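First comes the structure, then the notes that go with it.
Model, not experiment: these values are computed from the prediction.
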Amino acid sequence: MKSFLLKDKTPICKWGMLPDNVFFKGNIPVGMSLAICPSPYVVVDVDVHNVNGFENIPSDIFEELENTFHYETKSGGEHYWICYTGKKELLNKSTPLGIDLRTEKGYVRYNHSDDIQSCTKKIKKSSLKLNKWMEDLFS
């Protein structure tokens, strides 16, 4: 995991060159936001603009997502952080369902008041059912 600043949704550095465990510290400058590459976790990003992704999540999957670390995005969606326990490679991928996945090859804007390092203990391991749902969508 690593964090860095965005300006207008664009990284201000070559974030792929940053080693893991490098984190931005301090106040976020005006006009910027914080981004986090979630490795070794994955983030299910549910959007509500254009398509309401919540309508495309089965109720049992939604229940599991609600029990892991998550927060509301600026656009009204949610970011659900998961410790993926499956064996398939998941892709950093968007879907037409309003549900995207962010892996070590991507990043999310971090919209939470607590430092991500203090929140990792709230990230739950995925169940077999959640693994299958994510694998069907993102592998």
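- With sequence neighbours excluded, no residue satisfies ring-ring contact (aromatic ring centres under 6.0 Å, His included) with W133.
- The list of salt bridge (Lys or Arg N to Asp or Glu O under 4.0 Å) pairs with a residue in residues 45-60, not counting sequence neighbours, reads D60-K129.
- Note on residues 17-28: pairs passing salt bridge (Lys or Arg N to Asp or Glu O under 4.0 Å), not counting sequence neighbours, are K25-D115.
- With sequence neighbours left out, the salt bridge (charged side-chain N to carboxylate O under 4.0 Å, His left out) criterion links K124 to no other residue.
- For the residue pair C119 and D114, the shortest heavy atom distance occurs at SG-CB, 3.6 Å.
- The list of salt bridge (Lys or Arg N to Asp or Glu O under 4.0 Å) pairs with a residue in residues 28-41, not counting sequence neighbours, is empty.
- Inter-residue side-chain proximity for V51 and L97 is flagged as unmet; no heavy-atom pair is nearer than 4.5 Å.
- I123 and L101 fall into different hydrophobic clusters, defined by Ile, Leu, Val, Met, Phe, Trp and Tyr side-chain heavy atoms under 4.5 Å apart, directly or through other members.
- A heavy-atom distance below 4.5 Å is not found between the side chains of M1 and C37.
- To the nearest 0.5 Å, the span separating OG on S3 from CD1 on I116 amounts to 9.0 Å.
- Separating the CD1 atom in I36 from the CD atom in Q117 is a distance of 8.5 Å, to the nearest 0.5 Å.
- The salt bridge (Lys or Arg N to Asp or Glu O under 4.0 Å) pairs that include a residue from residues 76-88 number zero, where partners must be two or more places apart or lie in different chains.
- Considering only heavy atoms from C-beta on, V43 stays 4.5 Å or farther from I82 through its side chain.
- Taking CG of L5 as the reference point, atom CD1 of I28 lies at 5.5 Å (rounded to 0.5 Å).
- Proximity of Y84 to Y41: side-chain heavy atoms (C-beta onward) are nowhere separated by under 4.5 Å.
- Hydrophobic cluster membership is shared by L130 and I99, with clusters built from Ile, Leu, Val, Met, Phe, Trp and Tyr side chains linked at under 4.5 angstrom.
- Residues passing the side-chain contact (heavy atoms from CB on, under 4.5 Å) test with K125 are C83, T85, sequence neighbours excluded.
- Residues I12 and L34 are members of one and the same hydrophobic cluster, defined by side-chain heavy-atom contacts under 4.5 angstrom among Ile, Leu, Val, Met, Phe, Trp and Tyr.
- The line from CE of M32 to CG of N27 is 13.5 Å long, rounded to the nearest 0.5 Å.
- For S126 and N131, the side-chain atoms include at least one donor-acceptor pair closer than 3.5 Å.
- More than 12 heavy atoms of other residues, nucleotides or ligands lie within 6.0 Å of CG in D136, so this atom counts as buried by the packing criterion.
- Relative orientation of the Y110 and F69 rings is tilted, given thresholds of 30° and 60° on the angle between their planes.
- Remark: D8 engages no residue in a salt bridge (charged side-chain N to carboxylate O under 4.0 Å, His left out) (not counting sequence neighbours).
- Residue pairs meeting the ring pair (Phe, Tyr, Trp, His ring centres under 6.0 Å) criterion with at least one member in residues 3-32, sequence neighbours excluded, are F4-W15, F4-Y107, W15-Y107.
- In this structure, I61 is not a member of the same hydrophobic cluster as W81, with clusters built from ILVMFWY side-chain heavy atoms closer than 4.5 Å.
- With sequence neighbours left out, Y80 forms a ring-ring contact (aromatic ring centres under 6.0 Å, His included) with H70.
- Each side chain to side chain donor-acceptor pair (under 3.5 Å) pair with one or both residues in residues 93-105, not counting sequence neighbours, appears once here: S94-R102.
- A distance of 14.0 Å separates SG of C13 from NZ of K7, quoted to the nearest 0.5 Å.
- Within a 6.0 Å radius of CD in E66, other residues, nucleotides and ligands contribute more than 12 heavy atoms.
- Nearest heavy-atom pair across P38 and G106 is CD-O, 3.5 Å.
- A distance of 12.5 Å separates CE of M134 from CG of L91, quoted to the nearest 0.5 Å.
- For K9, there are no salt bridge (charged side-chain N to carboxylate O under 4.0 Å, His left out) partners at least two apart in sequence or on another chain.
- The shortest heavy-atom contact between V48 and G77 is CG2-N, 4.0 Å.
- Counting all heavy atoms, side chain and backbone alike, K74 lies closest to N111 at N-ND2, 3.6 Å.
- No side-chain heavy atom of F62 sits under 4.5 Å from any side-chain heavy atom of V46.
- The cluster map of Ile, Leu, Val, Met, Phe, Trp and Tyr, joined by side-chain heavy atoms under 4.5 Å apart, puts V108 and I57 in different clusters.
- Side-chain atoms of R109 and T73, non-hydrogen and from C-beta on, never get closer than 4.5 Å to each other.
- Taking each heavy atom of L90 and S139 in turn, the nearest pair found is CD2-CB, 4.4 Å.
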